[in-house]
Structure formats: structure tokens, C-alpha cells
Amino acid sequence: MSLSGVLCADAIQNAVKDCQAPESFCCKKFFQLCGLSQKSPKEVKDVFRILDDDHSGFIEEAELKFFLQRFVPGARVLTERETKAFLSAADDDNDGKIGIDGESNTI
């Protein structure tokens, strides 16, 4: 499955374009722009599984750095500060990773 199977390709492009400048990424705004915040829990899980590059059941800091590239190949990588802010916003139990189904926390 690809992200465009869950999210509109135009919405993905617009969301990535909105945060193309370094230090401009905001996960909540990105999720709104790409349409993820309006998706069902099942669709969010589908997107999570696509973003979980190593299929560990978690999205770790190393995977978050390349978050935008998972949506659009060739997109920029997140800066270290953006990556840490994203992880901090989504990792309620402070274990350094984002989980799904109540594991660590959800995106």
C-alpha cells in the first residue's frame, strides 16, 4: 500500500510544499494539510505502517528524520530540532519512539 492509497496526492504535495523551508515543519499542521487528521483510526494505522520503515511497530527518531521523504521522494529531511520536537509531541511515555494501538503513543 502507498500513502496515496490513503491520502490525496494533491494534499500530500501541498503539505510537503508548506514545510519545505528548514525549521518550518509542524506535525499538527502537516497532518491537517495532508488530510490525515480527518482519517479513520484504521486509515491512520495504515499510514503508520507505511511510515514504520523497519516494521518494528514503532517509528523511531531515525525514521522521523526522513518523514517527509516517505510522503514525497526527494523532499527535504527534517532538521534535528524538528525531529526532536515531532518526537516530543507524539511520544507521551518518553521512550524515544512513537507507537500505534496505545504502544508509546500514536501519530
Side-chain angles (χ1 to χ4, degrees):
M1 174 179 282
S2 71
L3 289 168
S4 61
V6 180
L7 303 170
C8 171
D10 287 341
I12 291 171
Q13 288 290 338
N14 288 336
V16 171
K17 185 178 179 181
D18 183 72
C19 59
Q20 64 187 7
E23 304 302 337
S24 65
F25 178 79
C26 169
C27 59
K28 288 183 181 186
K29 184 175 182 185
F30 183 86
F31 293 152
Q32 289 172 345
L33 290 173
C34 75
L36 187 60
S37 58
Q38 292 83 34
K39 295 298 180 182
S40 71
K42 182 202 177 302
E43 290 168 316
V44 171
K45 287 179 186 179
D46 290 343
V47 169
F48 182 92
R49 287 182 186 101
I50 294 166
L51 297 174
D52 178 16
D53 199 36
D54 64 2
H55 308 290
S56 66
F58 299 96
I59 298 175
E60 295 88 9
E61 187 173 340
E63 291 170 308
L64 280 180
K65 184 174 183 174
F66 301 101
F67 177 80
L68 296 177
Q69 293 180 351
R70 301 292 292 162
F71 284 85
V72 175
R76 72 176 182 88
V77 297
L78 296 180
T79 66
E80 185 173 337
R81 186 161 65 180
E82 289 171 319
T83 302
K84 289 190 182 302
F86 190 175
L87 185 60
S88 177
D91 179 20
D92 283 343
D93 66 2
N94 296 312
D95 66 352
K97 53 191 175 184
I98 302 166
I100 198 78
D101 292 330
E103 300 164 357
S104 289
N105 197 6
T106 59
I107 57 172

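D91 and D93 get closest at one heavy-atom pair: OD1-OD1, 2.7 Å. Listed here is the closest heavy atom pair of R81 and E23: NE-OE1, 3.2 Å.
A single hydrophobic cluster is seen to contain both V44 and I12, as judged by linkage of ILVMFWY side chains at heavy-atom distances under 4.5 Å, directly or through other members. Residues F66 and L3 are members of separate hydrophobic clusters, defined by side-chain heavy-atom contacts under 4.5 angstrom among Ile, Leu, Val, Met, Phe, Trp and Tyr.
A donor-acceptor distance shorter than 3.5 angstrom exists from the side chain of R70 to the backbone of I50, with no hydrogens or angles considered. Listed for the R76 side chain is no donor-acceptor partner under 3.5 Å among the backbone atoms of L68.
Screening residues 3-28 for ring pair (Phe, Tyr, Trp, His ring centres under 6.0 Å), with sequence neighbours left out, gives F25-F30, F25-F67, F25-F86. Within the structure, side chain to side chain donor-acceptor pair (under 3.5 Å) pairs that include any residue of residues 25-36 comprise D18-K29 (at least two apart or interchain).
Taking CG of L7 as the reference point, atom CG of L33 lies at 12.0 Å (rounded to 0.5 Å). The CG atom of N14 lies 6.5 Å from the CG atom of D10; values are rounded to the nearest 0.5 Å. Atom-to-atom distance recorded for I100:CD1 and L51:CG is 10.0 Å, nearest 0.5 angstrom. Considering CD1 of I98 and SG of C27, their distance stands at 8.0 Å, rounded to 0.5 Å.
Annotation: side-chain hydrogen bond (donor to acceptor under 3.5 Å, both in side chains) contacts of S40 (sequence neighbours excluded): E43. Not a single salt bridge (charged side-chain N to carboxylate O under 4.0 Å, His left out) links E80 to another residue, sequence neighbours left out. Under the rule for a side-chain hydrogen bond (donor to acceptor under 3.5 Å, both in side chains), K39 has no partner lying at least two apart in sequence or in another chain.
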Quick one: side chains of residues 58-65, donor-acceptor pairs under 3.5 Å with protein atoms, not counting sequence neighbours, listed by atom name and distance.
unit_1	atom_1	unit_2	atom_2	d
E60	OE2	S56	OG	3.0
E61	OE2	K84	NZ	2.9
E63	OE1	E60	N	2.9
E63	OE2	D53	N	2.8
E63	OE2	D54	N	3.0

With salt bridge (charged side-chain N to carboxylate O under 4.0 Å, His left out) as the test, would you mind laying out the steps for D46 and R49 before giving the verdict? CA-CA 5 Å; D46 290 343; R49 287 182 186 101; 3.8 Å; yes
